[in-house]
Amino acid sequence: GATQAFDVKRWQAQQGPSPVKPGDQITLGFDGALFHDATALVASHVLTGYQWLVGLWERPPSEPDWKVPAGEVDALVRDCFAQYTVCRMYADPPYWETYVAAWQGEFSTDRVVDWYTNRRRPMALALKAYQTAIIDGKTPNSGDPRLARHLGNARRDDLKGWRDEQGHALWLIRKARPDSPHKIDAAMAAVLSWEARTDAIAAGVLLDTGTSIYESRGLATI
C-alpha cells in the first residue's frame, strides 16, 4: 500500500523512436543478483537522455533453482562497450564483484564505477533527481513494458528526518514486501544509468565532442 515511487504514466508518455547511433556516447546502470532477484542493465544516451533496457534477467516462477546466466550478462555488457562510447557505467557490485572487477580492468575504473546502492543519502538524491526528470518530461525512452513494470513496482520508502538542501523529504525505493515476486531491479538500473549520465555531463564529456550543454538539453544557444 505504500506510495508508488515513480510517475510511470508520465514516463510512458515520453516513449519515442531511438535517436541512438553506433559509436554514440552512452552511460550504463547495472543492478544485479544471482538467484532470487532480477539483474538489469539500462543505457542512457548522453546527448538526448533517451533510455532503453539493454537486458533483464528474471527467475521464471516455475524454476526455483534458477540462476542468472552470468556469461550472457557479461557478453552483453562487453557488447555495449564495443557498439557505443560508454562514458560511465555505474554498477552496484554485490554478488558481481568478480565481473565488475574484470570490466574495470578492461575498460578502466574511470568508466566502470562501483556505485553502492546501500548508501542512503547518495541513493536518495539519485532517486529524487530521476523522478524530477520524469515529471519534467526529460526522460525520453523506448517504452519497454518490462522497465515500466519495474518502475511501477517500486514503492517509496521515506527516510524520516532526512531532507535535501532545499528541505524536501528524501526517500528510497523498495518492493511492496521483502518476499514480493514483483521486482524493481530494472528501475534501480535506470536510476544508476541516469545518475551516470548526469555526472558524465557535469564532467564535460559533451564538451569533448564540441556539443554545448544547451544542445544536449534541446535548448537554443544564446
Side-chain angles (χ1 to χ4, degrees), residues 4-6 8 11-12 15 18 20 22 26-45 50-84 86 88-107 111-118 123 126-127 130 139 141-155 172-197:
Q4 195 173 55
F6 302 109
V8 180
W11 180 86
Q12 290 173 318
Q15 175 182 349
S18 173
V20 187
I26 68 168
T27 56
L28 296 172
F30 177 77
D31 187 60
L34 288 177
F35 300 100
H36 302 295
D37 280 330
T39 289
L41 181 67
V42 174
S44 297
H45 191 218
Y50 184 88
Q51 279 195 325
W52 72 101
L53 182 64
V54 179
L56 178 64
W57 298 264
E58 298 178 287
R59 180 181 67 82
S62 60
E63 298 182 27
D65 297 326
W66 177 84
K67 183 178 180 180
V68 174
E72 185 178 312
V73 177
D74 180 52
L76 198 54
V77 168
R78 294 177 183 278
D79 186 59
C80 285
F81 277 88
Q83 284 195 57
Y84 307 103
V86 180
R88 294 193 186 197
M89 176 182 181
Y90 281 178
D92 188 27
Y95 309 109
W96 288 85
E97 291 90 347
T98 301
Y99 284 95
V100 173
W103 299 332
Q104 290 173 330
E106 184 165 349
F107 305 116
R111 298 171 72 188
V112 181
V113 179
D114 289 336
W115 211 100
Y116 286 88
T117 59
N118 61 1
M123 189 72 252
L127 288 163
Y130 187 60
T139 53
N141 63 81
S142 67
D144 193 300
R146 297 169 298 168
L147 180 50
R149 172 165 50 85
H150 279 229
L151 288 169
N153 289 341
R155 295 293 179 264
L172 301 175
I173 58 171
R174 59 173 175 81
K175 294 186 291 185
R177 62 180 193 276
D179 62 343
S180 173
H182 305 299
K183 308 303 183 183
I184 65 172
D185 305 82
M188 187 67 79
V191 173
L192 294 183
S193 179
W194 189 261
E195 186 74 359
R197 174 182 180 260

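- A salt bridge links Arg146 with Asp144; the closest basic N to acidic carboxylate O contact falls under 4.0 Å.
- Remark: the backbone N or O of His45 is paired with a side-chain donor or acceptor of Arg197 at under 3.5 angstrom.
- Using modelled atom types, no side-chain atom of Asp31 and backbone atom of Ala189 make a donor-acceptor pair closer than 3.5 Å.
- The backbone N or O of Met89 lies less than 3.5 Å from no partner atom in the side chain of Thr27, so there is not a single donor-acceptor pair.
- When atom types are taken as modelled, the side chain of Ser180 and the backbone of Lys175 share no donor-acceptor pair closer than 3.5 angstrom.
- Leu192 and Asp92 make their closest contact through CD1-N, 4.3 Å (heavy atoms, listed as atom of the first residue, atom of the second, distance).
- Remark: Ser44 OG to Glu195 CD distance equals 11.0 Å, nearest 0.5 Å.
- For the pair Arg111 (side chain) and Val86 (backbone), a donor-acceptor distance under 3.5 Å is present.
- Between Pro181 and Arg177, the closest heavy-atom pair is CD-NH2, 3.9 Å.
- Glu97 contributes a side-chain N or O that, together with a main-chain N or O of Tyr95, makes up a donor-acceptor pair within less than 3.5 Å.
- Looking at every heavy atom in both residues, Ala102 comes nearest to Arg78 through CB-NH2, 4.2 Å.
- In the model, Trp194 has no side-chain atom that pairs as donor or acceptor with a side-chain atom of Gln51 under 3.5 Å.
- To the nearest 0.5 angstrom, Met188 atom CE is 4.5 Å from Met123 atom CE.
- Taken to the nearest 0.5 Å, the OH atom of Tyr50 stands 11.5 Å off from the OG1 atom of Thr139.
- Once rounded to the nearest 0.5 Å, the distance linking OG1 of Thr39 with CG of Leu56 reads 8.5 Å.
- At distances below 3.5 Å, at least one donor-acceptor pair connects side-chain atoms of Asn141 with backbone N or O atoms of Trp11.
- Contact between Val100 and Pro93 at its shortest, heavy atoms only, is CG2-CA, 4.3 Å.
- Here the CG-CG distance, from Asp185 to Leu147, works out to 11.5 Å after rounding to the nearest 0.5 Å.
- Closest approach of Leu151 and Ala187 over heavy atoms only: CD2-CB, 3.7 Å.
- Checked for salt-bridge contact, Glu58 and Arg149 meet the test: a charged N lies under 4.0 Å from a carboxylate O.
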Problem - Residue pair Leu53, Ser142: steps toward the side chain to side chain contact (heavy atoms under 4.5 Å, CB included) verdict - result: CA-CA 8 Å; Leu53 182 64; Ser142 67; 5.6 Å; no
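- When all heavy atoms of Leu28 and Cys80 are compared, the pair lying nearest together is CD1-CB, 4.0 Å.
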Handout entry: From CA spacing to verdict: side chain to side chain contact (heavy atoms under 4.5 Å, CB included), Val73, Phe30
Key = CA-CA 10 Å; Val73 177; Phe30 177 77; 3.7 Å; yes
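- Between the OH atom of Tyr90 and the OG1 atom of Thr117 there is a distance of 14.0 Å, given to the nearest 0.5 Å.
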Practice task
Go through Ile184 and Ile173 one step at a time and tell me if the side chain to side chain contact (heavy atoms under 4.5 Å, CB included) criterion holds.
Solution key: CA-CA 8 Å; Ile184 65 172; Ile173 58 171; 4.2 Å; yes
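- Using cut-offs of 30° and 60° for the angle between ring planes, the Trp96 and Trp103 rings count as parallel.
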Practice task
With side chain to side chain contact (heavy atoms under 4.5 Å, CB included) as the test, would you mind laying out the steps for Ile26 and Trp52 before giving the verdict?
Solution key: CA-CA 11 Å; Ile26 68 168; Trp52 72 101; 3.9 Å; yes
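- Side-chain contact, Gln104 with Tyr99: no donor N or O sits under 3.5 Å from an acceptor N or O.
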